[in-house]
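Worksheet: one structure, shown below.
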Amino acid sequence: MSGPVNEEDGRGEPWWAFGVLYQIYPRSFADTNADGMGDLPGIIEHLDHLEWLGVDGIWLSPVTRSPNADWGYDVSDFCSVQPDLGTMDDVDTLIAEAGRRGIRVLMDLVPNHTSDQHPWFLDARSSRDAAKRDWYVWADPKPDGSAPNNWVSSFGGPAWTPDATTGQSYLHNHLAEQPDLNWWNEEVRDAFDEIMRFWCDRGVAGFRIDVCNVIIKDAQLRDNPAATEEDDFEAQMFGQRAVYNTNRPEVHEVIRRWRSLVDAFEDPAVLLGETPVGVSELAAYYGSGHDELHLAFNFPFISAPFEAGALRAIVEQTEAALPPGAWPVWTGSNHDMFRFPTRWAGDDPRKARAALLMLMALRGTPVLYQGDEIGLGNTNLTHEDMRDPLGVRYWPYYEGRDAGRTPMPWSDAPGGGFTEPGVRPWLPLGDVHACNVDGQRSDPASVLTLTRALIALRRQEADLRRGDYRSLDAPEGVWAWSRGRRHFVVINMRDEPVALPDLDGTLWIGTGPSRGGEPVEGSLELGPWEGVIGARATSRSTAR
Ligand code: GLC
Ligand code: CA
């Protein structure tokens, strides 16, 4: 069992371990210049909301310059700001204004690839002798003209695109507009050191690192083996096990380099990796002895069904797998995976409330996605609405990621408080009457009120911030755990009421009608999909 971070490295309570992070998808957060797209000034305008909510840090999906083949994840300049989102001055103002409210700002760093419009790639593709040729991954097609090897892009189709100018193909693990950098090249590593220093010097508090498990590929570009029946869904879908183009051992060397770079700053930046790997592989991304990622996103958790047994198993496995002092991170939604109030909760508010309580009460850093705090679900879209290249390309077999990227509903006014009345948002607003921030702020029974109370409780109770996680005995379909010496969490993930025997104490908070302050004497009764956090009268060991 791994202990709290602060006891291991003696650095006190790192803000990122005991706080709550919040992901902003800037283009859909708030539009201040009536062009239908969210922008940096829109984030600044809503910092009061985030402060009131109680979040400690915000992660911005990319605001760097991009031709938007993949909406910011195809970067054409890592050190400048995308004009329709704002200016570098706006970034400085955002960092300063957030800082005044005790909120830190994390940038999205995309080191695996650039845009095909990045000057580095324009140079690289110009000739075989170009200065930056080796900054990307080039290979000759096979004699029959087919791709250099069998690697498949994680967006589907071959991972290679032939380039007529030089007769070679370049590698791209995503769109053809996103050529992969060659992380074996020292100059590429140096260039990213500079990029990270640039942002750290501007005062950013950390980086969310895009697909950080895939950046380095097999140097010999060997073919991936065919998938077998035991392989996961993705391997089955692509027909191959991505052993030579993902999770290469050398990636850890690069992450260690980044970690020592950020650690050298007086206020070290936090590294939060996008690590879509199994629980057993996840541990490796934390390194040994605090030398890789501070936080590694847990994809088995976000991808699991909203069922007590499945989620509990993943949490237990994660707790067992992480090295001592490593800190888990829990999230239910992001800009790629859709919104959990629909995905997990099927738009049942009881389940969305239970999921929020779960995220806030596990041991680790919760990362909320904009809208989670109001229980915002996905928006139904048509093919014509699609802006995500994957939705455009694969509809109707795959509906793309836009249903979870639609604008934030701030109010029920025309434009939803996201944009001016009469302006067409870049993606449709959902039903702003059904769910919006203003309407929930003043409602004591709203999801927003619950989220804010959960965050406040976490801040108040040391057990909930840093106490150990231990599963407690519970009937099937009920997930119960203790945190630290006194706290317990019980979530009834069944359609029937349940009684949990052998519990004494006081409830702090519940997802149902207010149960705060209610005594528990011998047995706890919960309604269907009700969750509670409470504290025992005295500390006692009930570990399984
Ligand atoms: C990550 C991002 C996703 C993007 C992809 C390619 O998975 O979260 O939005 O499309 O990387 O950069
Ligand atoms: Ca705008």
Side-chain angles (χ1 to χ4, degrees), residues 23-46 59-64 66-76 78 81-87 90 106-116 118 153-156 159 171-181 207-215 234 242 245-246 272-277 296-297 299 302-303 331 333-338 367 369 387-394 398 400-405 407-408 410 415-420 423-427:
Q23 180 190 356
I24 292 180
Y25 194 74
R27 200 167 288 275
S28 290
F29 198 60
D31 173 24
T32 56
N33 62 347
D35 64 357
M37 288 176 288
D39 42 54
L40 286 160
I43 302 173
I44 297 167
E45 268 186 14
H46 287 86
W59 144 38
L60 308 184
S61 276
V63 296
T64 37
S66 167
N68 286 331
D70 189 23
W71 298 106
Y73 286 95
D74 50 319
V75 179
S76 56
F78 290 95
V81 173
Q82 170 66 9
D84 54 20
L85 298 179
T87 64
D90 294 331
L106 272 65
M107 288 289 169
D108 211 311
L109 185 74
V110 188
N112 178 68
H113 46 267
T114 69
S115 160
D116 64 347
H118 194 293
S153 154
S154 53
F155 284 173
L171 181 71
H172 51 88
N173 197 52
H174 300 88
L175 301 175
E177 293 88 345
Q178 294 168 298
D180 279 26
L181 285 160
F207 302 96
R208 176 269 190 183
I209 304 171
D210 195 61
V211 288
C212 94
N213 62 313
V214 314
I215 60 168
E234 202 165 296
N245 56 345
T246 68
L272 163 62
E274 187 196 18
T275 42
V277 301
F297 271 122
F299 279 78
I302 193 172
S303 314
T331 190
S333 317
N334 65 36
H335 66 292
D336 295 326
M337 302 291 290
F338 296 127
V367 183
Y369 177 54
R387 310 299 295 261
D388 175 19
L390 303 187
V392 172
R393 188 193 287 183
Y394 294 117
Y398 171 58
R401 298 167 290 183
D402 288 327
R405 295 178 176 181
M408 185 76 180
W410 295 100
F418 166 74
T419 189
E420 294 292 312
V423 173
R424 187 162 179 226
W426 81 294
L427 278 172

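Atoms within a ligand are numbered from 1 in the order they appear, just like the ligands themselves.
Separating the OH atom in Y369 from the CE atom in M337 is a distance of 12.5 Å, to the nearest 0.5 Å. Atoms CG and CD, from L40 and Q82 in turn, are 10.5 Å apart once rounded to the nearest 0.5 Å.
If you look at the Ca ion (ligand 2), the protein N, O or S atoms less than 3.0 Å from it are D31 OD1, N33 OD1, D35 OD1, M37 O, D39 OD2.
For the salt bridge (Lys or Arg N to Asp or Glu O under 4.0 Å) with R27, the qualifying choice from D35, D84, D402 is D84, the only one to do so.
Donor-acceptor pairing under 3.5 Å is lacking for the side chains of N213 and T246. For the residue pair W59 / D108, a side-chain donor-acceptor distance below 3.5 Å is found, with atom types taken as modelled. Between D39 and T32, the side chains place a donor N or O and an acceptor N or O closer than 3.5 Å (distance only, hydrogens not considered).
Residue-level contacts of ligand 1 at the 4.0 Å heavy-atom threshold are D70, Y73, H113, F155, H174, Q178, R208, D210, V211, E274, H335, D336, R401, R405.
A salt bridge does not link D70 to R387: none of the charged nitrogens lies less than 4.0 Å from a carboxylate oxygen.
Listed by chain and residue number, nothing satisfies the side-chain hydrogen bond (donor to acceptor under 3.5 Å, both in side chains) test with S115 (two or more places apart in sequence, or in another chain). Applying the ring-ring contact (aromatic ring centres under 6.0 Å, His included) rule to Y25 yields the partners H335; only residues at least two apart in sequence or on another chain are considered.
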